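For the numbers below, each heavy atom of this structure counts, side chains included, while hydrogens, waters and symmetry mates do not. When a ligand or atom number is given, it counts from 1 through the structure's own listing order. Only a predicted model underlies this, so the values are computations on that prediction, with no experimental measurement involved.
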Amino acid sequence: MLKRVLIANRGEIALRIIRTARKLGIETVAVASEPDLGMPYTRAADAVVPIGPGPANESYLVFDKIISAAKRTGADAIHPGYGFLAENADFAQAVTDAGLIFIGPTADSMRKLGGKAEAKAIAIAAGVPVVPGYQGEDQRPEILAEAARGIGFPVMIKAVAGGGGRGMRLVEREEDFAALLASAQREAEAAFGDPRVLIEKVVTAPRHVEVQVFGDSHGNVVHLFERDCSLQRRNQKVIEEAPAPGMSPELREKMTSAAVKLAKAVGYRGAGTVEFLVEGGALGAKAPWYLIEMNTRLQVEHPVTEEITGLDLVEWQFRVAAGEPLPLEQHQITCNGHAIEARLCAEDAAREFLPSIGRIVAFRTPTAEGLRVDAGVEAGSTVSPFYDSMIAKLIAKGPNRAVALERLKHALQETVVAGVKTNAAFLHGLLSLPAFESGEMDTGLIARELDRLNAKGSDPVAVAHGVIALIRQQQRKLEEQRRRISDEARSPWAALDGFQLGPSRKHSLDILVEGNKTTVEVSWVGGEPTVEVEGQVIQLQRDRVTTVDDGDRVFVLHNLRQTEVCWPTYDAAAADETDGEGQLRAPINGRVAKVFVEEGAVVDKGQRIVVIEAMKMEHVLVAPRGGTVGRLTAREGQQVTEGTVLAAILDS
Ligand code: ADP
Ligand code: ADP
Ligand code: MG
């Protein structure tokens with residue numbers, strides 16, 4: 001068996017790997033960028049090696065830093081986790097060349113199957129159906145445009161090296177092709193260091209069904225059934241489950257055997273996932289199905305497979321890497337019950353899912369029957385702008401889908417995250433959709449329901465609770481002060497907490513709700529506060545609200561949403577907000593990837609002005625109104641912080 005493994009990753013996945021390593025008596029070495037030092041995974045490991053600054057291309061993606069850390073700490077193997085270097089064949093080769101074991105497939109099979117174009121070619125040769133399209137080497141824009149015309153619009157542009165939905169664009173109309181191609185290539189280059197793309201026919205109403213496979217170095221390959229990951233936003237998985245609801249035995253048989261065939265075609269070793277799209281939303285025996293890609297690594301959603309098979313996939317990875325044969329043969333692998341996973345991300349669902357960066361003030365997840373939580377953070381952790389926004393996965397298992405679903409919904413309600421916003425309300429809303437409950441979904445479901453899923457606007461109940469918490473905070477401070485000062489100085493008139501003095505006194509208070517100035521009326525009747533927000537008396541709901549104090553601010557959680565309430569501050573940025581119409585501000589800390597206009601240009605409302613790249617995603621900023629571009633400060637390549645004014649659209 002392996003003795004000591006270095007984990008070339010961070011957060012939740014590093015902790016997941018450490019857990020199994022410990023069970024098997026394998027020592028662990030973590031690596032951490034500067035902002036990650038002190039994260040829970042670094043403390044759980046037996047040793048931790050600092051590997052430099054936050055940006056992944058200066059730390060987690062630098063081969064030499066990872067490999068020399070492994071050598072220095074006496075590790076005999078490297079587990080890449082997922083993301084980062086997990087699908088980098090050159091890295092796998094470099095690890096092997098350094099005399100270490102790479103926990104994953106050989107560099108050769110990664111080259112053959114890791115790229116979408118190459119995998120499709122092998123699948124075609126093995127008789128596995130693929131999505132029709134162009135996956136050629138010639139990447140000249142006119143050739144790609146020609147291919148798109150040949151396929152017929154709409155088409156899908158996809159990064160050959162893609163993953164996590166990045167570098168992918170749906171092109172509805174021919175006239176948009178060139179611009180979307182350039183943007184896909186840019187994103188692909190930034191995320192994967194490889195701008196190559198392929199063009200595909202768009203599969204209508206697809207279900208995303210994927211098959212978990214496992215191979216060893218003795219020529220054995222098995223499958224561990226399928227997962228359904230049809231709940232996606234912008235082609236990125238949000239909810240995953242196993243087995244796929246409504247899967248016909250015939251289709252399961254066809255897909256699992258195709259997946260095994262593909263893995264066998266390259267002598268695949270280790271964990272892998274073969275992804276398919278099934279056209280039309282149902283998984284009947286006759287539904288058309290196509291391979292889209294193979295992921296030559298462990299996947300984010302592997303826990304749902306572990307829950308229904310009772311197996312530990314990381315343990316299998318270790319055993320296979322150590323040269324052992326697969327622990328079980330195909331007929332010994334069974335599927336029991338149902339499991340559903342939700343990806344809890346630090347993001348603001350109501351603001352276009354922008355990553356929510358900052359310190360996590362509170363983090364509590366429930367313990368319950370059938371519930372598994374794979375988290376990467378704790379209270380006090382910081383969500384930095386450098387990496388993925390996923391902070392935890394909630395996985396619920398049950399004897400059947402309905403029970404698993406109930407358990408997961410309940411777990412989301414019991415989860416407390418304060419300080420950063422999360423997508424908890426969005427996830428809960430998704431799980432409650434009738435189309436999801438009945439299993440009649442396709443990958444377009446989220447986009448269709450988005451408006452209904454995201455509660456917008458302020459939450460008066462949360463505001464009311466926040467105000468009361470702020471007042472109590474101030475009362476506590478005053479009482480403390482009073483305890484400290486002498487009796488003579490203790491005058492009732494020095495105190496601000498006049499709320500108990502008169503039964504009907506009403507105070508008008510200015511507060512900031514999510515940074516916006518709001519006026520509320522508070523009165524104290526018989527020791528009980530009454531709060532009016534926007535002229536409405538708010539019914540307090542103590543048993544449905546959680547408040548978390550953080551210094552001068554209060555985070556209020558209600559209906560799985562967070563509202564931040566604090567006393568007004570008078571900083572310049574906040575004061576500037578009022579004349580902000582027509583201004584383009586950076587929505588997030590990031591890098592200016594593209595500036596489309598010059599100062600003085602006349603633009604239409606909705607025209608693209610600037611692209612900010614952050615957390616490996618492009619955020620396109622468009623003109624909020626028509627006019628002339630003025631005060632253009634954005635420069636390509638420049639790092640900007642959230643709130644920076646990049647341009648202003650002035651009246652022409
Ligand atoms: P990634 O490497 O980013 O995971 P995939 O090729 O696996 O990219 O595709 C991710 C998702 O994008 C799919 O699950 C599906 O929802 C959507 N998608 C990809 N290709 C197509 C297609 N040809 N037609 C329709 N949807 C597609
Ligand atoms: P899967 O295909 O396994 O479902 P995705 O395709 O969504 O997973 O992408 C792989 C995962 O790799 C991401 O969800 C994320 O958790 C991880 N990942 C990608 N980039 C980063 C990064 N910069 N920092 C941390 N994790 C990352
Ligand atoms: Mg994929």
Side-chain angles (χ1 to χ4, degrees), residues 82-84 86-88 110 113-121 123 128-135 147-148 150-172 180 184-185 187-188 190-192 194 196-213 226-241 244 255 259 262 271-281 283 287-302 343 388 390 441-448 615-618:
Y82 46 65
F84 293 140
E87 292 191 87
N88 189 314
M110 264 157 92
L113 290 176
K116 293 191 208 296
E118 296 80 356
K120 282 176 85 173
V128 175
V130 304
V131 183
Y134 171 85
Q135 50 261 359
I151 296 161
F153 287 89
V155 299
M156 195 69 106
I157 303 175
K158 288 160 83 167
V160 169
R166 287 175 286 260
M168 190 179 304
R169 298 288 183 277
L170 173 70
V171 191
E172 309 258 14
L180 289 169
Q185 288 169 325
E187 193 169 290
F192 316 107
D194 179 351
R196 286 181 304 143
V197 297
L198 53 82
I199 317 286
E200 264 177 15
K201 165 181 124 84
V202 174
V203 178
T204 49
R207 282 277 285 275
H208 175 113
V209 179
E210 58 185 35
V211 176
Q212 175 73 55
V213 294
E226 82 282 352
R227 295 183 286 257
D228 189 318
C229 316
S230 298
L231 256 50
Q232 303 182 356
R233 197 185 70 84
R234 293 196 178 170
N235 308 313
Q236 177 134 34
K237 298 159 188 167
V238 179
I239 307 267
E240 303 104 334
E241 59 186 309
M255 289 176 115
L262 189 71
T273 297
V274 184
E275 297 191 330
F276 300 96
L277 293 182
V278 182
E279 190 147 19
L283 307 179
W289 55 286
Y290 313 94
L291 173 133
I292 45 173
E293 66 159 344
M294 173 154 181
N295 290 320
T296 55
R297 56 173 162 92
L298 191 69
Q299 280 193 273
V300 173
E301 59 273 24
H302 75 278
R343 298 188 187 195
D388 204 81
M390 192 174 78
M441 58 221 176
D442 63 70
T443 62
L445 182 66
I446 290 184
R448 288 194 297 274
M615 293 180 123
K616 302 205 167 174
M617 295 286 285
E618 287 199 342

Decide yes or no for [X] and [Y]: does some side-chain heavy atom of the first lie under 4.5 Å from some side-chain heavy atom of the second?
{"X": "Phe276", "Y": "Val203", "answer": "no"}
{"X": "Glu240", "Y": "Gln299", "answer": "no"}
{"X": "His208", "Y": "Ile292", "answer": "yes"}
{"X": "Met294", "Y": "Val274", "answer": "yes"}
{"X": "Lys237", "Y": "Val300", "answer": "no"}
{"X": "Arg207", "Y": "Trp289", "answer": "no"}

TODO: Tell me, please, if Glu293 has any N/O/S atom, main chain or side chain, under 2.8 Å from the Mg ion (ligand 3)?
DONE: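 Under 2.8 Å: Glu293 contacts the Mg ion (ligand 3) through an N, O or S atom.
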Numbered atoms and elements of ligand 1 in range of [X], under 4.0 angstrom, heavy atoms:
{"X": "His208", "answer": "13 (C), 14 (O)"}
{"X": "Met168", "answer": "3 (O), 5 (P), 8 (O), 9 (O), 10 (C), 12 (O)"}
{"X": "Val202", "answer": "24 (N)"}
{"X": "Lys158", "answer": "6 (O), 19 (C), 20 (N)"}
{"X": "Glu200", "answer": "20 (N), 21 (C), 22 (C), 23 (N)"}
{"X": "Val131", "answer": "23 (N)"}
{"X": "Gly162", "answer": "2 (O)"}

Let me check something: any side-chain donor-acceptor pairs from residues 158-165 under 3.5 Å, sequence neighbours excluded? List them with distances.
{"residue": "Lys158", "atom": "NZ", "partner": "Glu200", "partner atom": "OE1", "Å": "3.0"}

TODO: Record the part of Ile292 in heavy-atom contact with ligand 1 below 4.0 Å; permitted values are side chain, backbone, both and neither.
DONE: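 Looking at Ile292 and ligand 1, just side chain atoms fall under 4.0 Å.
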Open item on the list: Checking contacts here: is it the side chain or the backbone of Leu277 that comes within 4.0 Å of ligand 1, counting heavy atoms only? Could be both or neither.
Closed with: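 Side chain only.
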TODO: Pick whichever of Lys201, Glu87, Lys116, Gln232 has a heavy atom sitting closest to atom 1 (P) of ligand 1.
DONE: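 Nearest heavy atom to atom 1 (P) of ligand 1 lies in Lys116.
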Task: Contact (N/O only, under 3.5 Å) between Met156 and ligand 1 - done: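 Such a contact does not occur with ligand 1.
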Open item on the list: With nothing but distance in play, are any N or O atoms of Pro206 less than 3.5 Å from an N or O of ligand 1?
Closed with: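 No: no nitrogen or oxygen of Pro206 is under 3.5 Å from one in ligand 1.
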Task: Glu275, N/O/S atom nearest the Mg ion (ligand 3) - done: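 Checking each N, O and S atom of Glu275, the shortest distance to the Mg ion (ligand 3) belongs to OE1.
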- [ ] Quick one: pull up CD in Gln185 and CG in Leu180 and give me the separation to the nearest 0.5 Å.
- [x]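 Between Gln185 CD and Leu180 CG, I get 11.0 Å after rounding to 0.5 Å.
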Task: Euclidean distance, Met110 CE relative to Asn295 CG, rounded to 0.5 Å - done: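 Spacing of CG (Asn295) from CE (Met110) equals 11.0 Å.
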